[in-house]
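See structure below.
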Amino acid sequence: SNVMNTTVSTDQPLYRQVENYLREQIASGNLRSGDMLPSVKELCEQFGGINHLTVRQGIKNLAEANLVRSVQGRGGFVTANYQRVGLVLPHVDDALFIRSAKGAQEVLEEGGVHAIILDSRGSESVEADHIENLKNLPLTGALIFPIANSNIGEQIFRLKMAKFCFVLVDRYFEDFAAPCVVVDNYQGGYAAAQHLANQGRRCVGWIGELGSSTAHLRLEGFRAALNDVGIACPRSQVQNLKLNPDAPASGGNGAAQAGT
């Protein structure tokens, strides 16, 4: 087979460079569960003719980490339990999603799971393609952070029917059950209105988008808190904002504003 040369660094021991190279090949999916590793001879040549004992030390370290297993007379193979989880993000330029992704990565890495980030770049069509393609990637599951108001119900339903393991973040569907982690939007709206009422505000309005189920729940909680203290929030005091779904957005979609 054709052997591709790898640049040898002087910053790390050679066996560590072999180990890290194979780790990267496994993490990227170039080497999948059950795949055979390049032979010791091929790796020796790839790293400029290094000693076979050096290569074997790198592979031994991977075996001790349970990433590969050696089969007598056949070679090394990627173990079946190496796990990768996809993180589908709305936009990697958004500070909120970067923080969320870092938190998820830390927890995954503590469990020996590698995170693969899929950036939707604020585009609903890119997001739909990412979700549609998850089951074709070398992944054991995914965390999906949807773009605000994006219409991904069909893709999520197909993912569920394919029995792919996933969790939605801050999104749920009323038509079918799907694993999700959501903010208590109703209580958030309730607390916002309660604060305004406690400040003595009596003419209160709502400004925010109303295209999503999360925003409707916030408005419902907002009105409930006002109603509990005898304050009305009629339709004329609710301003529906039309948001650009392709624009990255930090934080919530609804906003409360007090009058006089």
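Just so it is clear, the model here is predicted, and its values are computed rather than measured.
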Hey, does the side chain of Asn227 reach the backbone of Arg223 with a donor-acceptor pair shorter than 3.5 angstrom? no
Which value, rounded to the nearest 0.5 Å, describes the distance between Leu159 atom CG and Gln155 atom CD? 9.5 Å
When rounded to the nearest 0.5 angstrom, what distance separates CD1 in Ile156 from CD1 in Ile152? 4.0 Å
Using the side-chain contact (heavy atoms from CB on, under 4.5 Å) rule, take Tyr190 and Arg218 through it: C-alpha gap first, then chi angles, then the decisive distance, then the call. CA-CA 7 Å; Tyr190 192 99; Arg218 291 170 191 168; over 6 Å; no
For the CD1 atom of Ile50 and the CG atom of Leu43, what is their distance to the nearest 0.5 Å? 7.5 Å
Any donor and acceptor pair, going by atom type alone, linking the side chain of Glu42 with main-chain N or O of Ser39 inside 3.5 Å? yes
Say whether Phe176 and Met161 are linked into one hydrophobic cluster, either directly or through other cluster members, by side-chain heavy-atom distances under 4.5 angstrom. yes
Is there a path from Val55 to Leu22 through hydrophobic residues (I, L, V, M, F, W, Y) whose side chains come within less than 4.5 Å of each other? yes
Between atom OG of Ser150 and atom CD of Glu127, what is the distance when rounded to the nearest 0.5 Å? 3.5 Å
Are Leu108 and Ile116 connected in a single hydrophobic cluster, I mean Ile/Leu/Val/Met/Phe/Trp/Tyr linked by side-chain heavy atoms less than 4.5 Å apart? no
Nearest heavy-atom pair of Val78 and Arg32: which atoms, and what distance? CB-O, 3.2 Å
Donor-acceptor pair, side chain of Asn185 and main chain of Val183, under 3.5 angstrom: yes
Can you check whether Asp119's main-chain N or O pairs, donor with acceptor, with His130's side chain at less than 3.5 Å? yes
Could you give the distance from CG (Asn133) to CG (Leu118), rounded to the nearest 0.5 Å? 8.5 Å
Would Phe164 and Val88 show up in the same hydrophobic cluster when neighbours are defined by side-chain heavy atoms closer than 4.5 Å? yes
Please report the shortest heavy-atom distance between Met36 and Leu31, naming the atom on each side. O-CD2, 3.8 Å
Where Phe222 and Cys233 come nearest, the two heavy atoms and their spacing: CE2-SG, 4.2 Å
Give a yes or no on whether the backbone of Ala27 and the side-chain of Arg84 come within a donor-acceptor separation of less than 3.5 Å. yes
Indicate, with yes or no, if Leu134 and Phe173 share a hydrophobic cluster defined by side-chain heavy-atom contacts under 4.5 Å among Ile, Leu, Val, Met, Phe, Trp and Tyr. yes
For the student: nearest non-hydrogen atoms of Ala101 and Leu87, plus distance: O-CD1, 3.9 Å
Using modelled atom types and a 3.5 Å cut-off, is there a donor and acceptor pairing between side-chain atoms of Gln237 and backbone atoms of Cys203? no
Walk me through it: do Glu19 and Arg23 pass the test salt bridge (Lys or Arg N to Asp or Glu O under 4.0 Å)? CA-CA 6 Å; Glu19 176 189 343; Arg23 278 182 183 272; 3.2 Å; yes
CZ (Phe47) and CD (Gln17) are apart, to the nearest 0.5 Å, by 6.5 Å
Say whether, by atom type as modelled, one donor and one acceptor occur between the side chain of His216 and the main chain of Leu210 under 3.5 angstrom. yes
So for atom CG, which belongs to Asn151, do other residues, nucleotides or ligands contribute more than 12 heavy atoms lying within a distance under 6.0 Å? no
Does Lys135 use its side chain to pair, donor to acceptor, with the backbone of Glu132 at less than 3.5 Å? yes
Arg158 and Glu154 ion-paired at < 4.0 Å: yes
Candidate pair Val68 and Phe77, rule side-chain contact (heavy atoms from CB on, under 4.5 Å), full reasoning: CA-CA 5 Å; Val68 305; Phe77 294 83; over 6 Å; no
